[in-house]
There are 2 protein chains.
Amino acid sequence: MDIQLKRGLLDVCVLAAIKNEDSYGYKIIKDVKPYVELSESTLYTILKRLERANMLSVHTAEHEGRLRKYYHITSAGLNRIEEFKNEWKEMLSIYKFITKEDIQNEQTRVS
Amino acid sequence: MDIQLKRGLLDVCVLAAIKNEDSYGYKIIKDVKPYVELSESTLYTILKRLERANMLSVHTAEHEGRLRKYYHITSAGLNRIEEFKNEWKEMLSIYKFITKEDIQNEQTRVS
DNA sequence: GTATAATACATCGTAACACGAAGTATATAA
DNA sequence: TTATATACTTCGTGTTACGATGTATTATAC
């Protein structure tokens, strides 16, 4: 998928991945990858950005002797997802503009 | 609309705006603006990029004593639009991933 | 008559972003 | 012992959208 098209989707995908239950980097990648390709460097950049924007909170916990950073969605994060749903409506109208057919056999001259 | 979300859409919007008939900068902006906000500097950057990628060709013509640069879509440009339609399917699956409810809420929903 | 808006195109600098590359560290399976 | 899976981090780079700014002509309003 085109990189540019992914932008704006990735942040919300990560939020969606932790929406139902707290998750951690490695798991988020596995959950999101079937839908969008997402590298580790990209993911951790996104997590930092979302944390800075207070869309998620972080807590470190031990899991089988190893430390894991768990990410928890905040109300701002949930709001972002809702906002995205509205933006999707705009996306749909843009999609229609792009895919709409012309009225055939009109004059091709530019007036 | 979120800037990041617009990326990847803008190029295809511009291609769509010249798909049916050759157009020029000022007109493209007017045609696209009802759907996506698009500034002049952004448009001309995009036009240059699309020209470099051979997705459109340019010819200058006089219109009422003034020079205009007309942009004409190429087969590569038309292919890009078709490609976008396929990418849109991926977008849809991502959208579903983002908006899918958790199992608890799923049960209360009408199928 | 002249000020102002509309038309039309162009360039520069900047901040945001995705991502490959590289690194650190532990646990488990071959 | 080696390789793979798990888990997180940082750096550098190229792409991009856009505000600011500039140039020029034509049409309209005052």
Side-chain angles (χ1 to χ4, degrees), chain A residues 1-15 17-18 22-33 35-53 55-56 58-71 80 87 90-91 94 110-111, chain B residues 1-15 17-18 22-33 35-53 55-56 58-71 80 87 90-91 94:
Chain A
M1 186 184 210
D2 180 53
I3 295 177
Q4 302 309 318
L5 219 44
K6 284 166 69 176
R7 296 171 101 109
L9 250 35
L10 286 177
D11 281 35
V12 188
C13 275
V14 171
L15 288 174
I18 63 168
D22 295 0
S23 190
Y24 53 95
Y26 209 76
K27 186 168 187 295
I28 295 169
I29 286 180
K30 277 197 179 173
D31 289 342
V32 170
K33 258 192 178 166
Y35 302 94
V36 223
E37 182 54 36
L38 174 65
S39 71
E40 283 180 86
S41 57
T42 303
L43 197 247
Y44 289 107
T45 307
I46 290 170
L47 287 171
K48 282 243 177 75
R49 182 163 64 237
L50 291 174
E51 194 190 351
R52 235 184 301 135
M55 293 199 183
L56 50 79
V58 194
H59 64 274
T60 305
E62 206 181 298
H63 175 80
E64 288 173 10
R66 225 187 274 181
L67 285 180
R68 263 188 194 162
K69 287 180 82 172
Y70 284 95
Y71 297 92
R80 179 67 193 93
E87 287 175 334
E90 285 183 64
M91 300 271 281
I94 295 170
V110 178
S111 53
Chain B
M1 187 184 208
D2 179 53
I3 295 177
Q4 301 310 318
L5 220 44
K6 285 165 67 175
R7 297 171 101 108
L9 250 35
L10 286 178
D11 282 35
V12 188
C13 275
V14 171
L15 288 173
I18 63 168
D22 295 0
S23 190
Y24 53 97
Y26 209 77
K27 185 168 188 294
I28 294 170
I29 287 179
K30 277 197 179 173
D31 289 341
V32 169
K33 256 192 178 164
Y35 302 93
V36 223
E37 182 54 37
L38 174 64
S39 71
E40 283 180 86
S41 56
T42 302
L43 198 246
Y44 288 107
T45 307
I46 291 170
L47 287 171
K48 282 244 176 73
R49 183 163 63 237
L50 291 174
E51 193 191 350
R52 235 184 302 135
M55 292 196 183
L56 50 78
V58 194
H59 65 273
T60 304
E62 207 181 296
H63 175 82
E64 287 174 11
R66 225 189 272 182
L67 285 181
R68 264 189 194 160
K69 286 180 82 173
Y70 285 97
Y71 298 91
R80 179 69 194 92
E87 286 174 336
E90 286 182 63
M91 300 271 282
I94 296 169

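Bear in mind the structure is a predicted one, so any value in this text is a computation, not a measurement. We name chains A, B, ... by the order of the sequence lines, and we start the count at 1 in each one.
When the P atom of C/dA15 is taken as reference, atom CG of B/D2 falls 19 Å away, rounded to whole Å. Here the P atom of nucleotide C/dC12 and the CD atom of B/E40 are 17 Å apart, to the nearest Å. Atom NE2 in B/H63 sits about 17 Å away from atom P in D/dT25, given to the nearest Å. For the pair B/I3 CD1 and D/dT15 C1', the interatomic distance rounds to 14 Å; values are reported in whole Å. When the P atom of D/dA17 is taken as reference, atom CG of B/L5 falls 13 Å away, rounded to whole Å. Distance CG (A/L9) to P (C/dA18): 11 Å, rounded to an integer number of Å. Remark: P of C/dT26 and CZ of A/R68 are 16 Å apart, rounded to the nearest angstrom. To the nearest angstrom, P of D/dC18 lies 8 Å from CD of B/E37.
Ranking D/dT9, C/dA18, D/dT10 by closeness to the A/R7 side chain, first place goes to C/dA18. Candidate nucleotides C/dA18, C/dC19, D/dC8 were compared by shortest atom distance to the side chain of A/Y26, and D/dC8 ranks first. In this structure, of C/dC19, D/dT6, C/dA10, it is C/dC19 that holds the atom nearest to the side chain of A/T42. Of all nucleotides listed (C/dC19, D/dG19, C/dA8), D/dG19 comes nearest to the side chain of B/S39. Taking every side-chain heavy atom of A/R66 into account, C/dT26 is the closest of D/dC8, C/dA10, C/dT26.
Counting only heavy atoms from C-beta outward, the side chains of A/T42 and A/L10 approach each other to under 4.5 Å. Annotation: side chain of B/H59 is in contact with side chain of B/D22 (closest heavy-atom distance under 4.5 Å).
Within the 4.0 Å cut-off from OP1 or OP2 of D/dC18, at least one side-chain nitrogen or oxygen of B/K6 is found. For B/Y24 and C/dA8, the shortest distance from a side-chain N or O to OP1 or OP2 is below 4.0 Å. Residue B/K27 places no side-chain N or O under 4.0 Å from the OP1 or OP2 atom of C/dT7. Applying the 4.0 Å criterion to OP1 and OP2 of C/dA10, one finds that B/Y44 has every side-chain N and O outside that range. Taking only side-chain nitrogens and oxygens, A/K48 never comes nearer than 4.0 Å to OP1 or OP2 of D/dT9. One finds a side-chain N or O of A/K69 lying less than 4.0 angstrom from the OP1 or OP2 phosphate oxygen of D/dT9.
When every heavy atom of B/E37 is checked against every heavy atom of B/K6, the shortest pair comes out as O-NZ, 2.9 Å. A/G25 approaches A/Y71 most closely through the heavy-atom pair N-CE1, 4.1 Å. Taking each heavy atom of A/S23 and A/A17 in turn, the nearest pair found is CB-O, 4.3 Å.
Between B/C13 atom SG and B/I18 atom CD1 the span is 12.0 Å, to the nearest 0.5 Å.
Each of A/E64 and A/R52 was assigned the nucleotide of DNA chain C with the nearest heavy atom; the assignment lying further toward the 5' end belongs to A/R52.
Note on A/L10: only backbone sugar-phosphate atoms sit closer than 4.0 angstrom, heavy atoms only; bases stay farther off.
Side chain B/S41 to base D/dG19: a donor-acceptor pair is found below 3.5 Å.
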